Q: 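Sending over a structure as structure tokens; questions will come in a sec.
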Amino acid sequence: MKRSEIRDSAFKLIFEQLLRDDDIQELYEIAEEIDEITVNDGVRKMVNGTLEHSDEIDRIIESYSKSRKLSRISKVNHAILRLAVYECIYDEKTPDNAAISEAVKLAEVYTYPEDASFINGVLGAFSRNRNSGEIENA
């Protein structure tokens with residue numbers, strides 16, 4: 001499974017969890033049962049990591065989203081942003097620019113055109129501050 005496919009499956013599960021607020025184990029079981037979302041170790045690691053750090057990630061998203069409060073960000077965009085911020089901070093194999101690029105690609109597939117620009121702006125500002133040392137790296 002390619003990294004982009006793992007990311008796509010992880011995004012779908014994170015989005016579903018935001019919508020339903022179900023236990024992630026239950027969502028894994030449902031995904032495997034209906035066989036529409038691939039669940040493997042890579043997907044589980046990405047989803048579990050993102051959810052484990054969701055409070056911290058949400059604070060970061062909110063601080064860099066100048067035009068929308070977190071409660072006003074669509075669940076699709078929220079899931080994409082959560083996953084990208086997780087990758088930037090906790091996935092040493094994924095450079096920030098790759099995580100941002102992949103987030104924008106997800107947005108282009110699953111959201112409205114203007115949402116990709118919003119996601120790129122939030123993640124770009126976060127990455128610039130993170131790489132300049134203005135915020136602490138995890």
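It should be emphasised that the depicted structure is a prediction, and the values quoted were computed from it without experimental measurement. Heavy-atom basis, side chains included; hydrogens, waters and symmetry copies ignored.
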Q: What pair of heavy atoms forms the shortest contact from Cys88 to Arg130, and how long is it?
A: O-NH2, 2.8 Å

Q: I would like to know whether Arg72 and Ser65 meet side chain to side chain donor-acceptor pair (under 3.5 Å); could you show each step before the answer?
A: CA-CA 10 Å; Arg72 303 289 294 165; Ser65 174; over 6 Å; no

Q: Could you check Asp58 against Val85 for side-chain contact (heavy atoms from CB on, under 4.5 Å), going step by step and ending with a plain yes or no?
A: CA-CA 9 Å; Asp58 285 352; Val85 171; over 6 Å; no

Q: To the nearest 0.5 angstrom, please state how far the CD1 atom of Ile24 sits from the CD atom of Glu52.
A: 13.0 Å

Q: Quick check on the hydrophobic clustering: are Ile80 and Tyr112 connected, directly or via other members, by side-chain heavy-atom contacts under 4.5 Å?
A: no

Q: Could you go through the side-chain contact (heavy atoms from CB on, under 4.5 Å) check for Val47 and Leu27 one step at a time?
A: CA-CA 11 Å; Val47 171; Leu27 294 177; over 6 Å; no

Q: Using a 3.5 Å cut-off and no angle test, enumerate the donor-acceptor pairs between side-chain atoms of residues 31-38 and protein atoms at least two apart in sequence or in another chain.
A:
| from | atom 1 | to | atom 2 | distance (Å) |
| --- | --- | --- | --- | --- |
| Glu32 | OE2 | Arg44 | NH2 | 3.1 |

Q: Measuring from atom OG of Ser127 to atom CG of Asn97, what distance do you get when rounded to the nearest 0.5 angstrom?
A: 7.5 Å

Q: Would you mind checking if Glu102 and Lys105 are paired as a salt bridge, meaning a charged N to carboxylate O distance below 4.0 Å?
A: yes

Q: Salt-bridge test for Asp8 and Lys12: reply yes if a basic N is under 4.0 Å from a carboxylate O, no otherwise.
A: yes

Q: How long is the straight-line distance from CG of Asp115 back to CG of Leu81, given to the nearest 0.5 Å?
A: 9.5 Å

Q: For Lys66, does the NZ atom sit with more than 12 other heavy atoms under 6.0 Å from it, leaving out its own atoms?
A: yes

Q: Mind checking whether Leu123 and Leu70 sit in one hydrophobic cluster, side chains of I, L, V, M, F, W, Y counted as touching below 4.5 Å?
A: yes

Q: Test Tyr90 against Glu56 for side chain to side chain donor-acceptor pair (under 3.5 Å), laying out the working first.
A: CA-CA 12 Å; Tyr90 295 102; Glu56 171 195 4; 2.4 Å; yes

Q: Can you give me the closest heavy-atom contact between Glu26 and Arg20, atom names plus distance?
A: OE2-NH2, 4.3 Å

Q: For Ala84 and Ala103, work out which heavy atoms get closest and say how close.
A: CB-CB, 3.7 Å

Q: Within this structure, what is the CD1-CG distance for the pair Ile14 and Leu19, rounded to the nearest 0.5 Å?
A: 12.5 Å

Q: Passes side-chain contact (heavy atoms from CB on, under 4.5 Å), Val39 versus Glu29? Steps please.
A: CA-CA 9 Å; Val39 178; Glu29 291 170 16; over 6 Å; no

Q: One pair to check against side-chain contact (heavy atoms from CB on, under 4.5 Å): Asp22 and Glu16. What are the steps and the verdict?
A: CA-CA 8 Å; Asp22 288 343; Glu16 188 72 21; 6.0 Å; no

Q: What closest approach, in Å, do Ile119 and Ala107 show between heavy atoms, and which atom pair accounts for it?
A: CD1-CB, 3.6 Å

Q: I need the Leu106 CG to Asn77 CG distance, nearest 0.5 Å.
A: 11.0 Å

Q: If you measure only the distance, is there a donor-acceptor pair under 3.5 Å linking the side chains of Ser132 and Asn129?
A: no

Q: Nearest 0.5 Å please: distance from the CG atom of Leu51 over to the CG atom of Leu13.
A: 9.0 Å

Q: Not counting sequence neighbours, which residues clear ring-ring contact (aromatic ring centres under 6.0 Å, His included) with Tyr110? List them please.
A: Phe11

Q: Is the number of heavy atoms from other residues, nucleotides or ligands within 6.0 Å of CD (Glu92) greater than 12?
A: no

Q: Any Lys/Arg nitrogen of Lys93 or Glu87 sitting under 4.0 Å from an Asp/Glu carboxylate oxygen of the other?
A: no

Q: Taking all non-hydrogen atoms of both residues, which atom of Met1 and which atom of Asn40 are closest, and how far apart?
A: SD-ND2, 3.0 Å

Q: Output yes when Arg68 and Glu62 qualify as a salt bridge under the 4.0 Å nitrogen-oxygen rule, no when they do not.
A: no

Q: Looking only at heavy atoms, which two atoms of His53 and Tyr86 are closest? And how far apart?
A: CD2-CE1, 4.3 Å

Q: Report yes if the side chains of Phe126 and Ile89 come closer than 4.5 Å at any heavy-atom pair, otherwise no.
A: yes

Q: Can you check side chain to side chain donor-acceptor pair (under 3.5 Å) on Ser117 and Asn120, steps first, answer last?
A: CA-CA 5 Å; Ser117 295; Asn120 190 49; over 6 Å; no

Q: Take atom CG in Asp41; do more than 12 heavy atoms of anything else shown fall under 6.0 Å from it?
A: no

